[in-house]
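To keep things clear, I will list the structure first and then write my remarks on it.
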Amino acid sequence: MAKKKDLAFATLDERLEALRRQPKEALVALLAELAATNSEAEARLARHALAADPAHLAALFRTRLQTWKRSRRFLGRSGAAVFGRALEAWLDEIERELVPHDPARAHALAEAFLRTDERFFEQADDSDGAIGDAIRAGCELWLRAAKALPNRGATAWIERVYALVNADEYGAREALLSHADLLFDEAGLRALARRFEADLDKALDARGAAERHDHAVYKAAAAIGLIADALRDPDLSTRTTLRYSPNPNPLQQEHFVERYIRYGRPGEALAWLDGEWGFREEGRERLLAEAYAALGDTARLRAVRQTLFERTGSVGDFEAWRESLAPAERANATEIARQRAKAHGDLIAGARLLLALGDDAAAEVLLFAHHGNVQGGDYDRLVPLAQALERKGRLLGTIVCYRALLVAILTRGYARAYGHAAEYLRALRRLDAHVDDYGSLTPHQAFESSIRNTHGRKVSFWNRIRV
């Protein structure tokens, strides 16, 4: 009895070890029982039985691919998501069951799969990106299967990758480049980059002195940028961009900086962070903070963090600034933040900041004093704020939030949100039982009468309310 009890709490490895000690006949019977009740287990066992016959196994995989390719049924969004998962499961089966025994056939299947991507995209609404994800997974299988093949030399593989990428109409085959390090060493990656640099040379020559940036330029440059990421070489992508854009715009500079920071070279990012980036200035300051943090430049990091907080007044930026300060400096920062919150142009942000400072009374006062200006359409921030205030017992502040949410939905006539609006009205009725004095706020009964008078014809909303 004790042994059974111990096994019930055993780890997976311990249970597997116990199974290994079982007679072979018992395990075969167990697998047969599982296969009889589970179609996936049955198919898995059938394929496993073909391990010694990879040609037959590959044919089974190809039959499924051909079935998908011949399908003429268009898949909606949810169907496309299911289809994408089925494609990835098929790829996983090939990698697990065929690559170890016959990487050549596995590679041929991966290539056939990639060359079918146009058909997959045409027969489905891939709004959720599931099919695109499957194609990218197929690219990785293609690279790993190629790696498992006898060495054919980097040049041949470069041409194969180049041909597949050039024939890509949907952008999903870019994973052949971003994950090219699965197949190529550094020398091979740089040779692959040179193959696309030749395309960039031709495109720039064809453009001549004209200022147009045609598709061929961008296509070649994007390919080189992906290979640069596989190499972890930000210089390669920076040089490539500068060839067609010698005066890079803020978005291009942002890409330079992100790569230098990502690949552990924050000092070189600073050169591209000089000056202002106009409407992207906040992004520049955030990257500057990342660079200073990576460099351990505490003084400059504190200054940038403070600038960011003064710009946004957000809880996240305050906490990041406070974290960068010495303990003795934090009390002064807290007072600065309190004054910033009270003068905040965004009432919700101001109240949230005061809550983060532990001053829920001030947060309630701020909302109460400016209740007519609270933006009820800001659902994502206002609902959590209402919930936080209620937990603190700040009922008038909570009421301000729920009223703003309710009125915004009814004013807009947004029927899909009437269920939420009904919940807000029920919350207001519940809170009313605990409020003795509304102060300058309209008491609940008068407030509800007002919205009935204004929105009484919104029958689908009122039908959700049971008095």
Side-chain angles (χ1 to χ4, degrees), residues 279-283 285-286 289-290 293 301-325 327 329-412 414 417 420-421 423-428 430-431 434-435 438-442 447:
F279 72 97
R280 300 188 71 85
E281 179 61 12
E282 183 181 325
E285 291 171 353
R286 294 194 184 283
E290 283 188 49
L301 175 62
R302 290 172 178 171
V304 174
R305 291 289 190 204
Q306 181 173 0
T307 299
L308 274 167
F309 169 65
E310 290 172 350
R311 175 190 295 278
T312 68
S314 74
V315 172
D317 284 328
F318 169 69
E319 290 176 344
W321 174 39
R322 181 173 58 185
E323 185 64 26
S324 72
L325 296 173
E329 299 174 303
R330 291 177 182 175
N332 184 55
T334 297
E335 186 54 36
I336 291 173
R338 181 173 284 105
Q339 296 307 316
R340 175 75 170 83
K342 291 178 179 178
H344 212 304
D346 181 338
L347 290 170
I348 298 172
R352 292 178 69 191
L353 180 55
L354 288 166
L355 278 176
L357 295 172
D359 197 345
D360 47 276
E364 181 176 53
V365 168
L366 180 66
L367 292 169
F368 187 86
H370 303 281
H371 60 87
N373 296 321
V374 176
Q375 298 299 309
D378 198 342
Y379 169 88
D380 290 337
R381 293 190 303 157
L382 199 51
V383 170
L385 177 59
Q387 293 167 344
L389 287 166
E390 185 170 4
R391 285 193 297 270
K392 296 288 187 179
R394 298 295 171 180
L395 302 189
L396 291 180
T398 307
I399 287 168
V400 168
C401 295
Y402 282 136
R403 285 186 179 183
L405 288 160
L406 171 60
V407 169
I409 292 171
L410 293 179
T411 299
R412 183 182 171 190
Y414 186 34
H420 294 295
E423 289 301 317
Y424 302 146
L425 182 52
R426 291 189 190 99
L428 290 168
R430 171 176 51 79
L431 292 167
H434 303 283
V435 176
Y438 276 88
S440 60
L441 281 181
T442 304
F447 168 77

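We count residues from 1, following the sequence as given.
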Taking all atoms of both residues into account, what is the closest heavy-atom pair of Leu301 and Ala289, and its distance? CD1-O, 3.3 Å

By side chain to side chain contact (heavy atoms under 4.5 Å, CB included) - contacts of Glu310 (at least two apart): Gln306

From Arg391 atom CZ to Leu355 atom CG, the distance as rounded to the nearest 0.5 Å: 9.0 Å

Answer yes or no: does atom CD of Glu323 have more than 12 heavy-atom neighbours from other residues, nucleotides or ligands under 6.0 Å? no

Leu325 CG to Arg330 CZ distance, which is reported to the nearest 0.5 Å: 6.5 Å

Would you say Arg311 and Glu281 make side-chain contact, with heavy atoms under 4.5 Å? yes

Which atoms form the tightest heavy-atom contact between Leu366 and Gly350, and what is the distance? CD2-C, 3.8 Å

Tightest non-hydrogen contact, residues Leu382 and Ala404, listed as CD2-CB, 4.0 Å

May I have the step-by-step check of side chain to side chain contact (heavy atoms under 4.5 Å, CB included) for Trp321 and Ile336, ending in yes or no? CA-CA 12 Å; Trp321 174 39; Ile336 291 173; 4.0 Å; yes

Give me the atom names and distance for the closest heavy-atom approach of Ala363 to Leu389. CB-CD2, 4.3 Å

Aromatic plane relationship, His420 with Tyr424 - under 30° parallel, 30 to 60° tilted, over 60° perpendicular: parallel

Arg302 versus Ser324, closest heavy-atom pair with distance: NE-O, 2.7 Å

Show which side-chain atoms of residues 368-379 pair as donor or acceptor with protein atoms under 3.5 Å away, not counting sequence neighbours.
residue : atom : partner : partner atom : Å
Gln375  : NE2  : Asn373  : O            : 3.3
Asp378  : OD2  : Arg381  : NE           : 2.7
Asp378  : OD2  : Arg381  : NH2          : 2.6

For the pair Lys392 and Glu364, find out whether any cationic side-chain nitrogen is under 4.0 Å from an anionic carboxylate oxygen. no

Working to the nearest 0.5 Å, report the span between CG of Leu347 and CZ of Arg352. 13.5 Å

Any side-chain heavy atom of Leu357 within less than 4.5 Å of one from Phe318? yes

Interatomic distance, CZ@Phe447 vs CZ@Arg403, rounded to 0.5 Å, equals 5.0 Å

Verdict with supporting geometry, Leu396 and Val435, side chain to side chain contact (heavy atoms under 4.5 Å, CB included): CA-CA 8 Å; Leu396 291 180; Val435 176; 4.0 Å; yes

Within-4.5 Å side-chain heavy-atom neighbours: Arg430 and Arg426: no

Reported CG-to-CG distance for the pair Asp380 and Leu385, which is rounded to 0.5 angstrom: 13.0 Å

Can you tell whether the side chains of Arg286 and Asp317 come within less than 4.0 Å, N to carboxylate O? yes

What heavy-atom pair brings Ser314 and Leu353 nearest, and what distance separates the two atoms? O-CD1, 4.5 Å

Taken to the nearest 0.5 Å, the spacing of Thr442 OG1 from Ile399 CD1 works out to 11.5 Å

